[in-house]
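Positions are given from 1 along the sequence. Here the structure is a predicted model, which is why all the values come from computation and not from measurement.
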Amino acid sequence: MIPKVTQEIIDLGDGRTIEIETGKLAKQADGSVVLRTGDAMLLATVVSARTANPGVDFLPLTVDYREKFSAAGRFPGGFFKREARPSDKEILTMRLVDRVLRPLFPDDYHAETQIMIQLLSHDENVMPDAMAGLAASAALAVSDIPFYNYISEVRVGRINGQFIINPSKQQLEESDIDMMIGASKDSVAMVEGEMKEISEQEMVEAIKFAHEAIIKQIEAQERMRAALNLTYREYEPEVNDEAILEKVHAFTYQKLYDIASEASAKHERSEKFSLLKEELLATFTEEEVLEQNELISKYFSKTQKEAVRNLILDQGIRLDGRKTTEIRPIWCEVSYLPSAHGSAVFTRGETQALATVTLGTSREANVIDLPSEQGEERFYLQYNFPPFSTGEAKPLRGVSRREVGHGNLAQRALKIMVPDDCPYTIRLVSDVLESNGSSSMATVCAGTLALMDAGVQIEKPVSGIAMGLISDAKTGRWAVLSDILGDEDHLGDMDFKVTGTANGITACQMDIKIEGLAYDIMEQALKQARDGRLHILEKLTDTIAEPNKQVKAHAPKIIKFEIPKEYIGAVIGPGGKNIQNLQTDTATTIVINEEGNFGIIEILGTSQEGMDKAIQTIQNQTFAPVEGDVYTVKVTKILDFGAVVEFVPGKDSLLHVSELEWKRVENVSDILKEGDVIEVKYLGLDPKTKKPKVSRKALLPRPPREDKKPESQDSANNQPKKEGDKK
């Protein structure tokens, strides 16, 4: 049976289009679509359970994004030749989609839902992650799943002042902005990206430009759904009990409000909230607690959120007693770890990050091998969030998606400040030791300090700050919070992280948990963020004003130079023998990369003497005299017919006896002896022997010719007559 296909085409306005079709592939999923632009194709499917699992009071949403190597006509790397765990890039794409979709599902929809997006065909001129959000939303739009507020995501670049939607990889290299924006028709829900020190106003303009394109893509989804004439499924809403809600609210609201206004520390405050909850449970019978414990806990959390938010809106007082614009106390320290190449501790309030820098050669670069991207990262940041940082004991299950996302944000914030000519591969690791709000921004600050401590000549220091929002749609009141706490993030309506230098923004990440965020609130948040960012920058530069001029004594130094391509084999030696022995003898690490007609040599070591020896050895191996040039050489052997002279160790030539002096030399040892250092001129290869030919006499003054005496008459008369002479 020929499938019935429904299709929509979105015109991007510059000759490119995005085609969305449904009805051909994966028809047993609740919703499936195929997106195509150029030769790039994405398949997105969604399936949601018909009923929610008992006791689940949240949305169990899973977003999965994978890139098939077959999409680019390539084999997977590794022994098994099969796609394995998702790469960091795939995880980051999953997060981008999840963060936009999750807040827009109905609050009481708790059925397990799985969205899967696959790259089926790759186009070098298309970056597929920019289409993943549109694909996921379109799959929901053609399903009966109760998702009413469709979304899309686009990437925004800017070249020569002109904004571009979904630029190609080549265009992005010229762009000073790389931002992903996710939004519904009414409001922006997510922003993430990196920039080259742009202003707050420029960032808002980029977001508005993206939103206009997103609205067109959402309208295409609405047209597709209308063409299919679909209805939404019915689902069992949450169970509620107004009587219990009123009892919980009446007993706890004022007490929660009072605890929140005491300006206490995190654990002290949590303990007081826990004790109050125990008092609340004591007002119910054992049977009521057994039957209604989930509802009681839910209503307690709801009332706590209301009390904390009202405190901030009523009095401008926060949980730790700060004003809305106030930054927590900061202290920093560099060179904390004696053996690390660079280290720093950054503490802001109850959030602390320990950053370490390790310097290496190109061999330590982070290799990227994906269907849509191949290359290397010479600067990369890794973020660790152990459970003890929040005072908890949890199973360790590897790096979480959250850790990947936070590390990527901090890396994007800092990488633009690492100069292109930095010879090192840099690994920056942030271990969060305490956390109560914005550990990713603490990572940016600690990372800046650690890089400067390591002697990496970053162009400017970078700081970061997390902003929050408390709003009340009924009264129209709102407050933007600087340097948010963990509780303010959990109870608030926005988490907006901004990093930058004194001159502009380098990265951002924003998640909105409410619909209809006005641009004036966003602009206020950005202005407030700039003030906080500059305050934190001052604290950083008070600790270390500029990068150290040299790397630490125990840190490796690196020297890079070129050799002709044809000498690479000689330096490496058979089976790597030469280079391995040289590394052992000089206590260095030597890396050779072939680029064009040259071999790029990297020598890494802590001993300057060892590095100098390695450099000299390689230069000796690649030495080639130039015809006509003069060289200082050493006599290493005396022969009957000349002397062996050495340009550099391993490179010698015969100085023939005829090239010693202009006069005839009977005995070479009369002129030279072993160990003598003399100058010779290189004459090139001898045309007969094809061996190097040098001359000492070419540098000596040529003696004048002796004038011949005129022949006497007698001698002329005594000459024999030649044939033909007259008799």
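- The backbone N or O of I145 sits nowhere less than 3.5 Å from a side-chain atom of S48 that would complete a donor-acceptor pair.
- Taking CG of L35 as the reference point, atom CG of L43 lies at 10.0 Å (rounded to 0.5 Å).
- Of the candidates I18, N166, I10, T37 forms a side-chain contact (heavy atoms from CB on, under 4.5 Å) with just one, namely I18.
- Between R16 and I164, the closest heavy-atom pair is NH2-CG2, 4.5 Å.
- For the pair E403/Q382, no side-chain contact is recorded, criterion being any heavy-atom separation below 4.5 Å from C-beta on.
- With 3.5 Å as the limit, one finds no donor-acceptor pair spanning the side chains of K89 and N408.
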I536 and I327: side chain to side chain contact (heavy atoms under 4.5 Å, CB included), yes or no, with the steps?
CA-CA 8 Å; I536 297 169; I327 311 299; 4.3 Å; yes
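- Side-chain N/O atoms of R402 and S400 include no donor and acceptor closer than 3.5 Å.
- A donor and an acceptor atom, one from each side chain of S87 and E90, are located under 3.5 Å apart.
- Although no hydrogens or angles enter the test, the distance criterion places a donor-acceptor pair under 3.5 Å between the side chain of K169 and the main chain of S372.
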Could you go through E197 and T501, starting from their C-alpha distance and side-chain angles, then the distance that decides it, and tell me whether this counts as side-chain hydrogen bond (donor to acceptor under 3.5 Å, both in side chains)?
CA-CA 7 Å; E197 296 182 283; T501 67; 2.5 Å; yes
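- Side-chain contact annotation: E238 with H110, donor-acceptor N/O pair under 3.5 Å present.
- Here the CD1 atom belonging to I117 is positioned 8.0 Å from the OH atom belonging to Y65, to the nearest 0.5 angstrom.
- To the nearest 0.5 Å, atom CD of residue E212 and atom CD of residue Q217 are 12.5 Å apart.
- Closest heavy-atom contact between M467 and A525: CE-O, 3.9 Å.
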For K4 and L228: C-alpha separation, side-chain torsions, deciding distance, then whether side chain to side chain contact (heavy atoms under 4.5 Å, CB included) applies.
CA-CA 11 Å; K4 182 181 178 182; L228 294 169; over 6 Å; no
Please walk me through it: do F496 and D511 pass side chain to side chain contact (heavy atoms under 4.5 Å, CB included)?
CA-CA 6 Å; F496 195 174; D511 292 299; over 6 Å; no
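- A donor-acceptor pair shorter than 3.5 Å can be found between the side chains of T506 and T499.
- In summary, D489 and K513 engage in a salt bridge, as defined by a charged side-chain N under 4.0 Å from a carboxylate O.
- Of the inter-residue distances, the one linking H122 atom NE2 with F69 atom CZ reads 11.0 Å to the nearest 0.5 angstrom.
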Evaluate the salt bridge (Lys or Arg N to Asp or Glu O under 4.0 Å) criterion for residues E194 and K415: first the C-alpha distance (whole Å), next the side-chain angles of each, then the deciding distance (0.1 Å), finally the verdict.
CA-CA 10 Å; E194 59 188 83; K415 73 177 184 180; 3.4 Å; yes
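- Side-chain contact between P76 and E83: present, with at least one pair of heavy atoms (C-beta onward) separated by less than 4.5 Å.
- Counted by atom type alone, Q411 and E377 present one or more donor-acceptor pairs between their side chains at under 3.5 Å.
- Using a 4.0 Å cut-off between charged side-chain N and carboxylate O, R318 and E488 make a salt bridge.
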For M131 and E153, what are the C-alpha separation, side-chain angles and deciding distance, and is it a side chain to side chain contact (heavy atoms under 4.5 Å, CB included)?
CA-CA 7 Å; M131 300 194 299; E153 294 177 350; over 6 Å; no
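- Panel note: side chain Q221, backbone I151; a donor-acceptor pair is recorded below 3.5 Å.
- Rounding to the nearest 0.5 Å gives a distance of 4.0 Å between CD1 of I198 and CD1 of I177.
- Checking side-chain atoms of T448 against main-chain N and O of V444 turns up a donor-acceptor pair under 3.5 Å.
- Annotation: cation-pi pair R225/Y232 present, NZ/CZ under 6.0 Å from the ring centroid and within 45° of its normal.
- Contact check for V188 versus Y519: side-chain heavy atoms found under the 4.5 Å cut-off.
- The side-chain heavy atoms of R99 and L96, taken from C-beta on, include a pair separated by under 4.5 Å.
- Summarising the geometry of I165 relative to A210, their closest heavy-atom pair is CD1-CA, 4.1 Å, with the distance given to 0.1 Å.
- No more than 12 heavy atoms of other residues, nucleotides or ligands sit less than 6.0 Å from atom CG of D107.
- The shortest distance between side-chain heavy atoms of C508 and M195 falls below 4.5 Å.
- Heavy atoms of other residues, nucleotides or ligands lying less than 6.0 angstrom from CD of E236 number 12 at most.
- Note on E200 versus R533: salt bridge recorded, some NZ/NE/NH1/NH2 to OD/OE distance being below 4.0 Å.
- Remark: the backbone N or O of L481 is not paired with any side-chain donor or acceptor of T324 at under 3.5 angstrom.
- Looking only at distances, a side-chain donor or acceptor of D493 sits under 3.5 Å from a matching main-chain atom of S471.
- A salt bridge links R233 with D144: the distance from a Lys NZ or Arg NE/NH1/NH2 to an Asp or Glu carboxylate oxygen falls below 4.0 Å.
- Using a 4.5 Å heavy-atom threshold, the side chains of N125 and Q171 count as separate.
- Geometric assessment of K185 against the ring of Y150 yields a negative cation-pi assignment under the 6.0 Å and 45° thresholds.
- The two atoms that bring L119 and A71 nearest to each other are O-CB, 3.5 Å, heavy atoms only.
- Between D495 and K497, at least one side-chain N (NZ, or NE/NH1/NH2) sits under 4.0 Å from a carboxylate O, which counts as a salt bridge.
- V432 is not listed as a side-chain neighbour of N384, based on a closest heavy-atom distance of 4.5 Å or more.
- The NZ atom of K68 sits 4.5 Å away from atom CD of Q118, with the distance rounded to the nearest 0.5 Å.
- Here the side chain of E373 pairs no donor or acceptor atom with the backbone of L370 at under 3.5 angstrom.
- Judged by distance alone, with hydrogens and angles left aside, the side-chain atoms of S32 form a donor-acceptor pair with the main-chain N or O of L25 at under 3.5 Å.
- Of the possible donor and acceptor atoms, none in the side chain of S121 sits under 3.5 Å from a partner among the backbone N and O of M41.
- Salt bridge status for E19 with R36: absent, with no side-chain N to carboxylate O gap under 4.0 Å.
- Within a 6.0 Å sphere centred on CG of D520, other residues, nucleotides and ligands contribute more than 12 heavy atoms.
- The only option from R66, R95, R155 that meets the salt bridge (Lys or Arg N to Asp or Glu O under 4.0 Å) definition with D129 turns out to be R155.
- For CD of E234, the number of neighbouring non-hydrogen atoms (other residues, nucleotides, ligands) closer than 6.0 Å is 12 at most.
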Under the salt bridge (Lys or Arg N to Asp or Glu O under 4.0 Å) rule, what do K474 and D472 come out as? Steps first, then yes or no, please.
CA-CA 5 Å; K474 294 179 181 178; D472 185 348; over 6 Å; no
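- For Y109 and Y235, the ring centers sit closer than 6.0 Å to each other.
- Formation of a donor-acceptor pair under 3.5 Å by the N436 side chain with backbone atoms of G486 is found in this model.
- Salt bridge status for K216 with D11: absent, with no side-chain N to carboxylate O gap under 4.0 Å.
- The shortest distance between side-chain heavy atoms of Q528 and R530 does not fall below 4.5 Å.
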